[in-house]
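All residue numbers in this chain count up from 1 along the given sequence.
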Amino acid sequence: QVQLVESGGGLVQAGGSLRLSCAASGRSFSYYAMGWFRQAPGKEREFVAAFSRTYDTTYYADSVKGRFTISRDNTKNTVYLQMNILKPEDTAVYYCAARTGYGSGLRPADYSSWGQGTQVTVSS
């Protein structure tokens, strides 16, 4: 499988920006499609952004469209989530995840490998 490590979380004021990184190791990066999810305390894990299986299309939750951007650096086996115009409701633990199947990529159940998460806190 693949091992995933997130970084880049922290505390930021509303309107600010953060860039999350997800470094992958193990099997070749090209075998996986990557996505980002988040989970606030007491709430279910929710979809944020993802690449399609062939990396030719990106998908975003309505709540982050126009503010967040998913990207990748193949030479570093790293996926990024650029988060701009952050809002207090973006506060959550953010997870990157990998899948090899052809599910929608919009549900946690579509993914087989997960990182440990990185905390993002947005103050008012």
Side-chain angles (χ1 to χ4, degrees):
Q1 291 294 323
V2 62
Q3 293 76 49
L4 306 173
V5 180
E6 303 97 334
S7 62
L11 175 64
V12 64
Q13 291 184 324
S17 299
L18 286 172
R19 189 180 75 161
L20 306 183
S21 299
C22 176
S25 62
R27 197 174 186 185
S28 175
F29 198 55
S30 64
Y31 283 94
Y32 298 91
M34 304 297 298
W36 287 94
F37 289 76
R38 65 188 182 186
Q39 188 167 23
K43 298 182 179 179
E44 295 184 349
R45 194 164 299 187
E46 66 175 350
F47 170 77
V48 176
F51 284 106
S52 67
R53 181 68 177 86
T54 55
Y55 287 91
D56 58 348
T57 307
T58 55
Y59 305 93
Y60 296 94
D62 288 342
S63 59
V64 306
K65 284 182 179 177
R67 300 189 297 121
F68 290 12
T69 303
I70 187 171
S71 62
R72 70 188 189 277
D73 184 339
N74 291 335
T75 65
K76 297 181 178 180
N77 281 349
T78 299
V79 174
Y80 304 96
L81 184 68
Q82 179 66 47
M83 306 184 295
N84 298 323
I85 319 176
L86 283 161
K87 304 175 181 179
E89 48 264 46
D90 295 319
T91 295
V93 176
Y94 283 71
Y95 300 89
C96 69
R99 69 183 193 274
T100 57
Y102 287 88
S104 69
L106 307 181
R107 305 180 306 160
D110 294 331
Y111 294 81
S112 59
S113 299
W114 294 84
Q116 295 300 304
T118 184
Q119 177 71 48
V120 172
T121 303
V122 184
S123 62
S124 300

Which heavy atom of Arg67 sits nearest to which heavy atom of Ile85, and what is that distance? NH1-O, 2.9 Å
How many angstroms lie between OG1 in Thr69 and CZ in Arg19, if you round to the nearest 0.5 Å? 12.0 Å
Could you report the tightest heavy-atom contact between Ser17 and Gln82, atom names first, then the distance? CB-NE2, 4.0 Å
Would you check if the side chain of Arg99 reaches a backbone N or O of Asp110 as a donor-acceptor pair within less than 3.5 Å? no
I need the minimum non-hydrogen distance between Val64 and Val48, along with the two atoms involved. CG2-O, 3.6 Å
Let me check something: do Leu86 and Tyr95 share a hydrophobic cluster, defined by ILVMFWY side-chain heavy atoms less than 4.5 Å apart, either directly or through other members? no
Give the minimum heavy-atom separation between Thr78 and Ser21, together with the two atoms involved. CG2-CB, 4.2 Å
Are Trp114 and Leu106 connected in the hydrophobic side-chain network, where two residues link if heavy atoms are under 4.5 Å apart? yes
Check: Gln119 and Thr91 side chains under 4.5 Å, non-hydrogen atoms: yes
I'd like to know whether the aromatic ring centres of Tyr111 and Phe37 sit less than 6.0 Å apart in this structure. yes
Check for me, please, whether Phe47 and Phe51 land in the same ILVMFWY cluster - side-chain distances under 4.5 Å, paths through other members count. no
Val79 and Val120: same hydrophobic cluster, using ILVMFWY side-chain contacts below 4.5 Å? yes
Gap between atom OG of Ser123 and atom CD of Gln13 - 0.5 Å precision: 5.0 Å
Can Lys87 and Asp90 be counted as an ion pair, charged N to O under 4.0 angstrom? no
In this structure, CZ of Arg38 is separated from CZ of Arg45 (nearest 0.5 Å) by 13.0 Å
What's the spacing between Cys22 SG and Leu4 CG if we round to 0.5 Å? 4.5 Å
For the atom pair OG (Ser104) and OH (Tyr59), what is the distance rounded to the nearest 0.5 Å? 9.0 Å
Rounded to the nearest 0.5 Å, how far does CD of Glu6 lie from OH of Tyr94? 12.5 Å
On a heavy-atom basis, which atom in Tyr80 and which in Trp36 lie closest, and how many Å separate them? O-NE1, 3.5 Å
Residues Ile70 and Met34: closest non-hydrogen pair is CD1-O, 4.1 Å
